[in-house]
Amino acid sequence: MLNLDHFPDTVYAIQHLAFEDLGAWEDVFYQLGLRVRYFEAGIDDLRKAYEYTGLTIILGGPIGVYETEDYPFLQQEIDLLKVRLEKNLPTLGICLGAQLIAHALGAKVYAGHSKEIGWSKLSLLAAENNPLQHLKNIEVLHWHGDTFDLPEQAELLASSNLYPNQAFRLGSNILALQFHPEVAGDSLEKWLVGHTSELRQTKINIPALRAANLQFAPALESTSKSVLEQYLTQLKLVS
């Protein structure tokens, strides 16, 4: 059982796409007695979320870190995130969120050589207290076209067959995950509908991906809970 005496009672989550939420992790937070508050990028003022001294989670989305001309709110996110990371405030990034963290730490983010969409296992690094150790031999969901270089000061935690930089951390507070550990199996149909243009452009077999979702999502849900709990245990919240 986690000791949450030192935790603020609310987790802030920044969304870039309505259906890419905390998924199965939202229930985990509620079970731990923590509330969740969402902020919508491009609509809400994100200053409160990025200046929050508790845990802020930056979720995924289909836009690129480098598309600030088309999506000016991204530049504000990047500027606020740089200050947040300098203060070592607890921050978890998923997919686009991981790319934003990498960029804010000075690493290059760019279009990858191919889309990585679907389920596959990670290659885990032998890092001490690696929170991803629970995902050994577990298929996880990948859904991205961009990738990033590893920030100089970061510790690599996982790779995939297509991309070497799948997860990294900076100390105990900052964790960046290129893949999607948070997905809930019963909501993945929203992803198939919402990302239909990308799936068809990439020539993804949608019925096959749906079948893989049904096959692999339950195991990911049960094991990724342990990933989140270990990360929360290791957090050193900064006031």
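Counting begins at 1 with the first residue of the sequence.
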Q) Is V227 linked to L170 within one hydrophobic cluster, defined over Ile, Leu, Val, Met, Phe, Trp and Tyr using a side-chain heavy-atom separation of less than 4.5 Å? A) no
Q. Is the backbone of A18 close enough, under 3.5 Å, to the side chain of Q15 for a donor and an acceptor to pair up by distance?
A. yes
Q: Could you note down all residue pairs passing salt bridge (Lys or Arg N to Asp or Glu O under 4.0 Å) where residues 98-107 supplies at least one of them, sequence neighbours left out?
A: none
Q: For residues 75-113, pull every pair meeting ring-ring contact (aromatic ring centres under 6.0 Å, His included), keeping only residues two or more places apart or in separate chains.
A: H113-Y163
Q: Output the distance between atom CD (Q234) and atom CG (L175), rounded to the nearest 0.5 Å.
A: 9.0 Å
Q: Give a yes or no on whether V65 and Y71 share a hydrophobic cluster (residues Ile, Leu, Val, Met, Phe, Trp, Tyr; joining criterion: side-chain heavy atoms under 4.5 Å apart).
A: yes
Q) Considering residues at least two apart in sequence or located in another chain, which fulfil the salt bridge (Lys or Arg N to Asp or Glu O under 4.0 Å) criterion with D70? A) none
Q: Name all pairs fulfilling the side chain to side chain donor-acceptor pair (under 3.5 Å) condition that reach into residues 54-69, sequence neighbours left out, sorted by first residue then second.
A: T56-R84, Y66-D146
(Q) Tell me if a side-chain donor or acceptor on Y231 pairs with a main-chain N or O of N173 at a distance below 3.5 Å. (A) yes
Q | Straight-line distance of F216 CZ to E221 CD, nearest 0.5 Å | A | 14.5 Å
Q | Shortest non-hydrogen contact from P151 toward A102 | A | CG-CA, 4.0 Å
Q.
Within the structure provided, determine whether I58 and Y50 are in side-chain contact (heavy-atom separation under 4.5 Å).
A. yes
(Q) Can you list everything that forms a side-chain hydrogen bond (donor to acceptor under 3.5 Å, both in side chains) with Y52? Sequence neighbours excluded, please. (A) none
Q.
Any heavy-atom pair between the side chains of L81 and I101 that's under 4.5 Å?
A. yes
Q. When you check the gap from the basic side-chain N to the acidic O, do K108 and D149 get nearer than 4.0 Å?
A. no
(Q) Can a donor-acceptor pair be found, under 3.5 Å and without considering hydrogens, that links the side chain of E139 to the backbone of S120? (A) yes
(Q) With clusters defined by side-chain heavy atoms of hydrophobic residues (ILVMFWY) lying less than 4.5 Å apart, directly or transitively, does L228 cluster with V183? (A) yes
**Q.** Set of residues satisfying salt bridge (Lys or Arg N to Asp or Glu O under 4.0 Å) with respect to K115, sequence neighbours excluded
**A.** E198
Q: Mind checking side-chain hydrogen bond (donor to acceptor under 3.5 Å, both in side chains) for D79 and listing every partner two or more places apart, or none if nothing turns up?
A: Q75
**Q.** Side chain to side chain, I78 and L80, heavy atoms closer than 4.5 Å
**A.** no
**Q.** Side chain S187, main chain A184, donor-acceptor under 3.5 Å
**A.** yes
Q: State whether the side chain of Q230 and the backbone N or O of N129 hold a donor-acceptor pair below 3.5 Å, judged by distance alone.
A: yes
Q: For side chain to side chain contact (heavy atoms under 4.5 Å, CB included), just list the numbers for L59 and L96, CA-CA rounded to whole Å, side-chain angles, deciding distance to a tenth of an Å, and then say yes or no.
A: CA-CA 7 Å; L59 295 167; L96 173 59; over 6 Å; no
(Q) Could you report the tightest heavy-atom contact between A158 and L124, atom names first, then the distance? (A) CB-CD2, 3.9 Å
**Q.** Check against side chain to side chain contact (heavy atoms under 4.5 Å, CB included), L55 and L232
**A.** CA-CA 9 Å; L55 174 59; L232 295 176; 3.7 Å; yes
Q: Among residues two or more places apart or on two chains, list those pairs meeting ring-ring contact (aromatic ring centres under 6.0 Å, His included) that have a residue in residues 27-46.
A: Y12-F39
**Q.** Heavy-atom pair of closest approach, residues A127 and L157
**A.** CB-CD2, 3.8 Å
Q. Do the side chains of L162 and S114 get nearer than 4.5 Å, heavy atoms only?
A. yes
Q: Check whether any side-chain heavy atom of L188 lies under 4.5 Å from a side-chain heavy atom of L141, and answer yes or no.
A: yes
Q | From L132 atom CG to L125 atom CG, the distance as rounded to the nearest 0.5 Å | A | 9.5 Å
(Q) I'd like to check the side-chain hydrogen bond (donor to acceptor under 3.5 Å, both in side chains) partners of Q99; sequence neighbours left out, ordered by chain and number. (A) Q178
Q: Treating Ile, Leu, Val, Met, Phe, Trp and Tyr as nodes and any side-chain heavy-atom pair under 4.5 angstrom as an edge, say whether L89 and L46 lie in one connected cluster.
A: no
Q: With the side chain counted from C-beta on, respond yes when T10 and V36 share a heavy-atom pair under 4.5 Å apart, and no when they do not.
A: no
Q: Please name all residues satisfying ring pair (Phe, Tyr, Trp, His ring centres under 6.0 Å) with F168, sequence neighbours left out, ordered by chain then number.
A: F148
Q.
For P181, is there any backbone N or O sitting under 3.5 Å from a side-chain donor or acceptor partner on S224?
A. yes
**Q.** Contact summary for L209 and G118, nearest pair of heavy atoms
**A.** CD1-CA, 4.0 Å
Q.
We want to know whether S160 and Q166 form a side-chain donor-acceptor pair, criterion being a heavy-atom distance below 3.5 angstrom.
A. yes
Q. Do other residues, nucleotides or ligands put more than 12 heavy atoms under 6.0 Å from the CG atom of D44?
A. yes
Q) Do T202 side-chain atoms and L199 backbone N/O form a donor-acceptor pair below 3.5 Å? A) no
Q: Report yes or no: do L92 and V140 belong to one cluster of Ile/Leu/Val/Met/Phe/Trp/Tyr joined by side chain heavy-atom distances under 4.5 Å?
A: yes
(Q) I117 vs H142, test: side chain to side chain contact (heavy atoms under 4.5 Å, CB included). Steps then yes/no. (A) CA-CA 5 Å; I117 299 176; H142 304 272; over 6 Å; no
**Q.** Backbone of I63 reached by a side-chain donor or acceptor of H16 within 3.5 Å
**A.** no
Q: Would you please name every residue forming a side-chain hydrogen bond (donor to acceptor under 3.5 Å, both in side chains) with E20, sequence neighbours left out?
A: H195
Q: State yes or no: are the ring centers of W191 and H180 separated by less than 6.0 Å?
A: yes
Q: Start with the C-alpha distance between K82 and E77, add both sets of side-chain angles, then the distance that settles side chain to side chain contact (heavy atoms under 4.5 Å, CB included), and finish with yes or no.
A: CA-CA 9 Å; K82 286 180 179 178; E77 280 200 78; over 6 Å; no
Q. Does E40 reach the main-chain N or O of I14 with its side chain, forming a donor-acceptor pair under 3.5 Å?
A. no
Q) Who are the salt bridge (Lys or Arg N to Asp or Glu O under 4.0 Å) partners of R37, not counting sequence neighbours? A) none
